[in-house]
Amino acid sequence: MRLKGLIVLAVFTVLFIACKDDNSAENFEKEIAEKKQEEKIFEFGFDLKKFEFKRDTVRKGDTFGIILERNNIGYPEIFQIAEKAKDTFDIATKLQVGKPYTLLFDKDKVNDSIQKPTTFIYQQNLEDYVVIDFKDSIQAYTRTKPITYVEKTATGFIENNISETLENKGLSQVLAYKMADDIYAWTIDFRRLQPGDRFKVIYTDKYINDTIYAGVHNVKAAYFEHNGDSLYAFQFKTDSIKNIVDYFNEDAKNLRRAFLKMPVKFGRLSSRYNLKRRIAYYGYKVRPHKGTDFAAPIGTPIMATANGTVVESTRRGGNGKYVKIRHNATYSTQYLHMKAQNVKKGQYVKQGDIIGWVGMTGNTGGPHVCYRFWKNGKQVDPFREKLPEAEPISDSLKTKYLEYIAPVKERLDNIFFLETESNNTESTITEDNTTDIQ
Ligand SMILES: [Zn+2]
């Protein structure tokens, strides 16, 4: 956006000068071309005007040596360069296919019959690059391009889904992931947003060298109106040593729960916890189902729904291959019918860690994970439990938090929805009866 703006500005400036001097169209075009070249002249800390340069990407089979050899540098010299550079950058192992590199050549030696580069610049990613300079003495160093963060705000109305809303407004889908999978993962079911739900966000965009857009960096605060509820979220660091960052509401309640809702990312709730379940196969006798089944294709990763210690990882009877995790004195969870486990007894796992994969071991008619939720030694329905909040804010931090969010909340409250509200249907609160019971 900014770059475009600059070019447009440059074009207008040149156009203005051109008209004034009554120059021909040819000159005008030339001036634009010059202007464009000038804009790109400083890169990697070099004034590229002073060099001839060649840009390329690492191809399959390329090594630092092969690239230099292709550019007329002989092997004794390559070894010497590699040896001197090795503390900064291990040339032999670190070149990745498809990554860009630039070779600089001395301008006054362009007419020599054999042209040799003086500098090799390898871009590890959009920000970081390595310079290996062998013009006179051999030097190697890594640098990071200057990064800027620009704070922005956005609003949106939901008509069908959040992705569509963001797309229509030209906003990044990353905002949807951040809101659905991170900020509101425990408080809003994004597959059941209502027409008329709306949101505001304060977020930062990342730019490299002030011009290259590198995506949404962070969401600082959000506000979501869902089903008539107003949900505020403020990002706050609770532990700067462990770098623990969470989202809390206006009363300092953690928006994250100690438990994930589901042990699979994409899965269909195929059978709920039901103590009165009757099954035809058993002659319609009551066969309670104390688990919650999520149908998903074989091989789908199964996640630990909360932090804890693996107390069982084994295979037994109808359960098939399963894992049981003890989270604390109150809660344990169990995951059945796995294709294979990914953890061992005694291992500590974190929320979201992959502990195994969906399979069909034990008694099961199709691929699914039977998720069992234990509270004080009894199996309960996790969907009916009021699950504990994750890591509440400490009393000492609470005052600091409330002080911090006051101006942020005011800012959020002062962002106005741009759309006309009349286009949106009034949302009503409805009881959620849409459960898939087997
Ligand atoms: Zn089950």
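Note that ligands are numbered from 1 as they come in the structure, with each ligand's atoms numbered from 1 the same way.
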(Q) Please enumerate all residues that pass side chain to side chain contact (heavy atoms under 4.5 Å, CB included) together with N414, with sequence neighbours excluded. (A) E410, F416
(Q) Applying ring-ring contact (aromatic ring centres under 6.0 Å, His included) as the test, list every pair that has at least one member in residues 387-413; sequence neighbours left out. (A) F236-Y401, F236-Y404, F248-Y401
Q | side chain to side chain contact (heavy atoms under 4.5 Å, CB included) against R315, all qualifying residues, sequence neighbours excluded | A | K321, T361
**Q.** Tally, protein N/O/S atoms nearer to the Zn ion (ligand 1) than 2.8 Å
**A.** 3
(Q) I'd like to know whether K145 forms a salt bridge (charged side-chain N to carboxylate O under 4.0 Å, His left out) with E43, so could you lay out the CA-CA distance, the side-chain angles of the two residues, the decisive distance to 0.1 Å, and finally the verdict. (A) CA-CA 9 Å; K145 289 188 178 181; E43 207 178 343; 3.8 Å; yes
(Q) Quick check: Y273 with F383 (ring centres under 6.0 Å apart)? (A) no
Q.
Determine whether I81 and I132 satisfy the following criterion, side chain to side chain contact (heavy atoms under 4.5 Å, CB included), listing intermediate values before the conclusion.
A. CA-CA 8 Å; I81 298 166; I132 301 166; 3.6 Å; yes
